[in-house]
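Computed from heavy atoms alone, side chains included, the values below leave out hydrogens, waters and symmetry copies. Note that ligands are numbered from 1 as they come in the structure, with each ligand's atoms numbered from 1 the same way. Just so we're clear, the structure is a prediction, and the values are computed from it rather than from any experiment.
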Amino acid sequence: MLEDKRILLIISGGIAAYKSLDLIRQLRKRGVWVTPVLTASAKEFVTPLSVSALAEEKAYQDLFDLTDEAEMGHIQLSRSADLIVVAPATANLMAKMAHGVADDLASTLLLATDTQILLAPAMNVRMWEHPATQRNFSQIKSDGVAVVGPNEGDMACGEYGFGRMAEPHEIVTAIEAQFAVGPLTGKRVLVTSGPTHEPIDPVRYIANRSSGAQGTAIARALTLLGAEVIFVTGPADAPRPEGAQIVEVETAQEMAEAVQNALPVDAAIFAAAVADWRVDGASHSKIKKQAGTLPSLSFLENPDILAAVAQMKEGRPELVIGFAAETDDVVENATKKRARKGCDWIVANDVRPETGIMGGSENAIVLISEAGAETWPRMGKDDVARQLADKIVEALAEG
Ligand code: CTP
């Protein structure tokens, strides 16, 4: 799939730059031509010589290097690739991208290009969580940049959290997803996934056991069939699907807004376990214990995101798929749910604790459509995703 593709690999200055050497090696093994570009601070972590030796190409470094300008201008350099990969992408480089700053070769290339960009952020967890970085990250994503990672884990600085660069093999998968051509090429598909968190106060929230595993697997399967996938996820444990556009939300209301922003789409799959209720008047400060009294919570109903999209009068996606997590009378309840919500299919699963489905790696589903109920054997969530994706291909082809 990647043979003879050209990738411009921008390496910015973070400790994770050492992993980019392995990334180059893995890409070369797949027959990819890698043109490396290093920022000034990247050179503190890896040498241009090692990068260029692995890539078997010159490592570009300076904007005002006249020889380079004579050989290949920066505009041409930025556009000659099939894909631009930034790995690692530091907080600083992300800030420049978000604001259109072009003050060195890497940032100038990123501003001058009309080629798709894939970003692999890497930084200390505090820098990652800083509102400024999160703002920049949202901006970059809404500018159409694809992202992979960051992952959660131990950091070089001794802290723990989000900010580790995705592993080279994950970046390769994300690159493959960018080039995926298949029966869904040209189709835009929305997937919601994960739980929502409904705050009680700044430190407490109401949540559910959804891990986001099934939604993530569906997004991956659709991406590999060539679809442009917008993945709207609550705070889920599952790693984010490579190659999809990721929109992170926390509450049901935020999810509803993100879904509206993602429209129009050809198909919409609502795998998220959305909280039905939110706390009325969540406290802005932590609720303190008070001797002799217990706090009482009152609830408001959350918007039904699936029903709103399924019942759109104009611009309704061609195919709307809902999920039903049931503990009793699965087929009967899910059939009623399909009619009530107005969606085309319901993927119903039996989530009684003894099935081990919620939070587990397997799923046993019943697909409810106009044609009736179709019971699938118990299988891995990845297999469910692949089979569902194939059915989506058929449905969209029938139009
Ligand atoms: N859903 C949604 N927005 C909500 C609630 C649910 O989009 N506020 C979607 C879920 O993503 C899933 C389906 O609706 O696709 C699940 O519906 P469920 O929450 O089970 O429906 P309810 O009508 O709340 O049914 P129940 O009586 O089982 O709670």
Side-chain angles (χ1 to χ4, degrees), residues 189-199 205-219 222 229-236 238 241 247-263 265 267-280 282 299-312 316-317 319-353 355 357-359 363 365-369 373 381 384-385 388-389 391-392 395:
V189 184
L190 165 77
V191 180
T192 71
S193 184
T196 62
H197 285 183
E198 307 298 329
Y205 56 83
I206 295 170
N208 59 65
R209 295 187 197 280
S210 167
S211 65
Q214 188 62 81
T216 301
I218 291 169
L222 293 166
V229 176
I230 302 102
F231 185 74
V232 178
T233 177
V247 184
E248 305 266 352
V249 298
E250 196 177 316
T251 65
Q253 284 181 302
E254 287 170 9
M255 187 172 276
E257 197 183 321
V259 164
Q260 288 302 322
N261 290 341
L263 299 175
V265 293
I269 299 131
F270 294 88
V274 184
D276 287 321
W277 314 283
R278 65 179 178 278
V279 175
D280 186 10
F299 291 94
L300 290 173
E301 196 166 330
N302 272 328
D304 192 320
I305 310 169
L306 164 63
V309 173
Q311 293 165 26
M312 279 169 75
R316 181 191 190 272
L319 185 64
V320 178
I321 307 174
F323 271 65
E326 305 285 353
T327 51
D328 307 284
D329 306 323
V330 177
V331 172
E332 193 190 326
N333 281 331
T335 306
K336 283 189 191 147
K337 194 167 286 180
R338 175 178 172 270
R340 195 167 66 238
K341 303 239 183 191
C343 55
D344 302 299
W345 302 348
I346 284 272
V347 179
N349 35 205
D350 182 347
V351 292
R352 279 173 301 147
T355 63
I357 284 174
M358 208 150 190
N363 208 349
I365 71 153
V366 183
L367 186 71
I368 314 275
S369 66
K381 287 185 175 172
V384 169
L388 191 67
K391 277 204 159 281
I392 292 170

Based purely on interatomic distance, does [X] place a nitrogen or oxygen under 3.5 Å from a nitrogen or oxygen of ligand 1?
X: Pro303; answer: yes
X: Ala275; answer: no
X: Val274; answer: no
X: Phe270; answer: yes
X: Asp276; answer: yes

#### Entry: Arg316 bridged to Asp344 by N-O distance under 4.0 Å
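Salt bridge: yes.
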
#### Entry: Presence of salt bridge, Arg352 and Glu326, under 4.0 angstrom
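Salt bridge: no.
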
### Message
If you take the nearest heavy atom of each of Asn208, Thr196, Leu306, Asn302, which one is closest to atom 9 (C) of ligand 1?
### Response
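Looking at heavy atoms only, Leu306 sits closest to atom 9 (C) of ligand 1.
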
### Message
Under 4.0 Å from a heavy atom of Gly322: which atoms of ligand 1 are those, numbered in the order shown and with their elements?
### Response
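Counting from 1, the qualifying ligand atoms are 15 (O).
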
### Query
Cut-off 3.5 Å, side chains only: do Gln214 and Thr216 have a donor facing an acceptor?
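Distance-only check fails for Gln214 and Thr216.
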
### Query
Any non-hydrogen atom of Ala252 lying under 4.0 Å from ligand 1?
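It does not; every heavy atom stays at 4.0 Å or beyond.
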
### Query
Does Ala272 come within less than 4.0 angstrom of ligand 1, counting non-hydrogen atoms of the residue?
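Judged by the 4.0 Å heavy-atom criterion, Ala272 does count as contacting ligand 1.
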
